[in-house]
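Scope of the values below: all heavy atoms of this structure, side chains included, with no hydrogens, waters or symmetry mates. Remember, it's 1-based here, ligands and their atoms both numbered in the order they're listed.
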Amino acid sequence: MTDELSRNEHIKQASAYLRGTLTEGLAENSTAAIVEDDQQLVKFHGMYLQDDRDLRPERSRKKLEKAFAFMIRVRMPGGVVTPQQYLALDHIAQTYGNDTMRLTTRQTVQLHGIIKFNLKATLRAMDDVLLDSIAACGDVNRNVMCNPNPYQSNAHAEAIELARTISVHLMPRTPAYREVWLDGERIAGGEEEVTEPIYGKTYLPRKFKTVVAVPPSNDVDVYAHDLGFIAILDGNGNVTGWNVTVGGGMGMTHGETDTYPRTADMLGFCRTEDAVKVAEAVLTVQRDWGDRKNRKHARLKYTIEDRGLENFRAEVERRAGLTFEAAKPFEFTSTGDRYGWSQGDNGNGHLTLFVENGRIHDRAGAAQMSALRRIAEILKDVPGSDLRMTANQNIIIANVPTARQAEIETIAREAGLLAPWSGLRRNAMACVALPTCGLALAESERYLPSLIDALDESLSRHGLSADDIVIRMTGCPNGCARPYLAEIGLVGRGPGRYHLYLGAAFDGSRLSKLYLPDVDHDGIVAALDPLFAAYAAGRDKGERFGDFVIRAGYVAQTGNGADFHANTGAQRPAAA
Ligand code: SRM
Ligand code: SF4
């Protein structure tokens with residue numbers, strides 16, 4: 001290399017606007033994989049090359065190549081799909097995927113296990129129902145999240161409108177997706193014909209994530225994202241404008257203290273008519289100021305740390321041609337979902353269902369994939385109804401007229417989709433991890449349910465079964481289930497071992513702190529049991545577990561991130 005730019009910068013530059021050699025790679029029959037540079041580019045098309053890690057030892061013994069298959073992440077701003085779109089995804093999962101659908105922590109659906117030779121058919125089937133996976137991954141603005149609960153209908157309508165507008169405005173313009181996957185004609189003259197007015201040839205230094213929150217719910221975890229819009233409501237529930245946040249992020253690397261999770265800063269208040277301009281300005285400042293040499297230091301959170309919030313704000317104001325007003329008051333109460341029925345202003349009901357760790361499949365005694373298919377079949381004939389993914393890996397059956405509610409509730413109940421009793425399980429999230437995630441150091445989705453069984457026994461002994469406590473687990477420190485914003489966070493360290501973090505705020509506004517490093521199952525249960533006992537005995541009225549562990553001195557409070565690894569000086573109880 002002739003300069004210090006990271007390898008990915010060269011790949012993007014040479015890719016002819018994200019084409020690379022994808023077309024040739026798809027036609028290559030001797031392998032189910034694609035070449036390494038294209039593995040980076042295919043992310044911009046919403047796909048990852050993975051392999052089934054459970055099968056690695058056997059495949060290696062038999063001298064076979066790894067069991068390669070692709071994960072496809074659907075672009076779904078605000079998490080809303082029509083029943084027809086849901087049914088198409090369900091059909092793809094059964095026909096080309098691994099018979100499951102994965103609801104993600106960013107409100108969309110991932111399809112796993114799609115082999116290279118079925119990719120085009122899959123993307124065509126998605127295109128038939130007006131779905132795609134453009135920019136669901138890669139160094140671009142990703143899926144824009146938005147509070148999905150339609151019960152606050154005025155505010156929700158404006159929030160989803162903003163999410164969709166930003167999503168479209170910040171989409172890459174390259175026709176590569178259509179050309180490669182849908183056999184579109186290449187534009188005459190090739191790459192030079194294409195312009196990316198917002199991104200340019202090398203797109204962003206790193207991924208970029210935008211969310212829209214509607215208080216009092218912070219279900220989208222606004223402080224975890226590069227860019228956030230918080231709706232400011234008047235007394236009638238109408239949006240008067242948006243508080244803008246910047247510089248949140250979760251990812252870090254074990255042992256590298258210059259990487260850390262960070263909660264977003266407040267930039268100020270803007271009017272709805274300026275929101276898209278602000279989004280573009282924040283994104284282009286990061287495009288120009290972000291670190292393109294070190295990908296571990298390339299997210300907006302580090303740009304803001306390095307340049308300072310005041311400088312960053314001034315540059316955004318200059319580019320957007322406005323001055324932010326001071327942020328307006330608002331209040332978040334939780335990050336969780338409102339399970340069960342809620343009534344909309346339009347008289348229709350919305351049913352929020354619990355999908356454990358977001359994995360939709362038919363398992364013994366709980367045919368959840370079939371049940372959701374039946375529900376979508378019913379909704380097909382109900383005008384205005386839809387399905388909404390939540391940022392907590394759950395699903396809302398929205399806009400159901402009274403006459404159809406009992407039938408839908410019965411199907412959901414029989415499939416075990418109504419929220420469980422345990423306050424811990426209702427507030428749990430786990431990332432995918434093994435066997436598909438290439439970065440997983442430990443189990444997550446497949447392990448958390450059994451850990452919660454054990455913790456529930458402990459909570460029940462202390463009379464805390466019904467208390468809402470947020471627990472999140474990831475198989476590595478990248479933070480895909482936002483564990484550093486959970487009251488109890490577990491982060492994979494190695495097989496069967498986790499770092500235990502405590503003390504984040506219930507409303508998602510404060511990071512946690514490391515409490516115990518490198519613990520196994522028994523160690524986690526043994527560490528938490530005395531804390532649950534102390535909480536049951538010593539909490540103030542209404543005090544949350546995350547606040548209690550700080551007040552009681554078990555962990556110190558973290559600022560917004562740069563001090564995340566600092567020694568807390570806090571004392572562990574002798575019992576732990
Ligand atoms: Fe993530 C990478 C899964 C939300 C931070 N994430 C990955 C990959 C693609 C692994 C890889 O690079 O090879 C995982 C694929 C696993 C699989 O088999 O499906 C993966 N991330 C997920 C999902 C599916 C977790 C889930 O179980 O729901 C989430 C998909 C979201 C979506 O629909 O777009 C998911 N990832 C997140 C979040 C949460 C969020 O955005 O609210 C974060 C933390 C927030 C943030 O970005 O800072 C997150 N994922 C990462 C990182 C660390 C980024 C960083 O700045 O350091 C990586 C690794 C990377 O980018 O190098 C990563
Ligand atoms: Fe994979 Fe780590 Fe993300 Fe979990 S947190 S999905 S293990 S990258």
Handout entry: Full working for salt bridge (Lys or Arg N to Asp or Glu O under 4.0 Å) between Lys296 and Glu256
Key = CA-CA 10 Å; Lys296 285 194 178 174; Glu256 296 185 17; 3.2 Å; yes
Exercise for the section: Show your working on salt bridge (Lys or Arg N to Asp or Glu O under 4.0 Å) between Lys66 and Asp52 and close with a plain yes or no. Expected result: CA-CA 8 Å; Lys66 289 177 182 165; Asp52 187 327; over 6 Å; no
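Contacts of Leu439 with ligand 1, taken as heavy-atom pairs under 4.0 Å, involve the side chain alone. Using a 4.0 Å cut-off between heavy atoms, Arg73 contacts ligand 1 through its side chain alone, with no backbone atom that close. Neither the backbone nor the side chain of Gln107 comes within contact range of ligand 1; no heavy atom lies under 4.0 Å. No part of Arg295 comes within 4.0 Å of ligand 1, judged by heavy-atom distances.
Two rings, from Tyr302 and Tyr260, have their centers less than 6.0 Å apart. When ring centroids are compared, Phe208 and Tyr199 stay outside the 6.0 Å threshold.
Coordination check, Cys480 versus atom 1 (Fe) of ligand 1: passed, since an N/O/S atom of the residue sits under 2.8 Å.
In this structure, His112 is part of the shell of residues with a heavy atom less than 4.0 angstrom from ligand 1. The shell of residues lying under 4.0 angstrom from ligand 1, judged by heavy atoms, excludes Arg142. Asp221 does not count as a contact of ligand 1, since none of its heavy atoms falls under 4.0 Å from the ligand. Heavy atoms of Asn143 come nearer than 4.0 angstrom to ligand 1 in no pair at all. Taking a 4.0 Å cut-off on heavy atoms, His225 registers as neighbouring ligand 1. Assignment of Gly479 to the shell around ligand 1 is supported, since a heavy atom sits closer than 4.0 Å. In this structure, Arg206 is part of the shell of residues with a heavy atom less than 4.0 angstrom from ligand 1. Note on ligand 1: Gln393 sits in its first shell, one or more heavy atoms being nearer than 4.0 Å. Ligand 1 is never approached by Met429 to a heavy-atom distance shorter than 4.0 Å.
Between His45 and Tyr177, the ring-plane angle classifies as parallel under the 30° and 60° cut-offs.
Taking atom 53 (C) of ligand 1 as the reference point, the nearest protein heavy-atom neighbour is Asn478 OD1, 3.4 Å. With respect to atom 12 (O) of ligand 1, the closest heavy atom belonging to the protein is Tyr48 CE2, 3.4 Å. Looking only at protein heavy atoms, the nearest one to atom 17 (C) of ligand 1 is Gln50 NE2, 3.3 Å. Scanning the protein heavy atoms around atom 56 (O) of ligand 1, the nearest turns out to be Arg299 NH1, 2.8 Å. Distance from atom 33 (O) of ligand 1 to its nearest protein heavy atom, with residue and atom name: Thr104 OG1, 2.6 Å. Among all non-hydrogen protein atoms, the one lying nearest atom 28 (O) of ligand 1 is Thr105 N, 2.9 Å. Scanning the protein heavy atoms around atom 18 (O) of ligand 1, the nearest turns out to be Thr436 OG1, 2.6 Å.
Excluding waters, the set of protein N/O/S atoms under 2.8 Å from atom 2 (Fe) of ligand 2 reads Cys476 SG.
Not one N or O of Met145 is nearer than 3.5 Å to an N or O of ligand 1, by distance alone.
There is no side-chain donor-acceptor pair under 3.5 Å between Asn218 and Asp507.
Looking only at side-chain heavy atoms (C-beta outward), Val140 and Leu170 stay at 4.5 Å or farther from each other. Side-chain contact between Ile397 and Leu387: present, with at least one pair of heavy atoms (C-beta onward) separated by less than 4.5 Å. Counting heavy atoms from C-beta on, the side chains of Leu490 and Leu500 come closer than 4.5 Å.
Heavy-atom proximity to atom 40 (C) of ligand 1, evaluated over Arg75, Arg106, Met252, is greatest for Arg106. Among Met71, Arg262, Glu445, the residue whose heavy atom lies nearest to atom 15 (C) of ligand 1 is Met71. Comparing Lys207, Met250, Lys209 against atom 51 (C) of ligand 1, the shortest heavy-atom distance belongs to Lys207.
Under the 4.0 Å criterion applied to side-chain N and carboxylate O atoms, Asp139 and Arg295 are assigned as salt-bridge partners. Looking at Arg359 and Glu445, a side-chain N of the basic residue comes within less than 4.0 Å of a carboxylate O on the acidic one, giving a salt bridge. Of the charged side-chain nitrogens involved, none lies within less than 4.0 Å of a carboxylate oxygen, so that Asp337 and Arg426 do not count as a salt-bridged pair. Using a 4.0 Å cut-off between a side-chain N of Lys or Arg and a carboxylate O of Asp or Glu, Asp226 and Arg206 do not qualify as a salt bridge.
Residue Arg102 approaches ligand 1 through these ligand atoms, each under 4.0 Å from one of its heavy atoms: 26 (C), 27 (O), 28 (O). If you number the atoms of ligand 1 from 1 as listed, the ones under 4.0 Å from a heavy atom of Gly249 come out as 48 (O). Which parts of ligand 1 touch Thr108 is read off a 4.0 Å heavy-atom cut-off, strictly below it: atoms 33 (O).
Contact record, Phe354 with Asn394: CA-OD1, 3.5 Å, taken as the closest heavy-atom pair.
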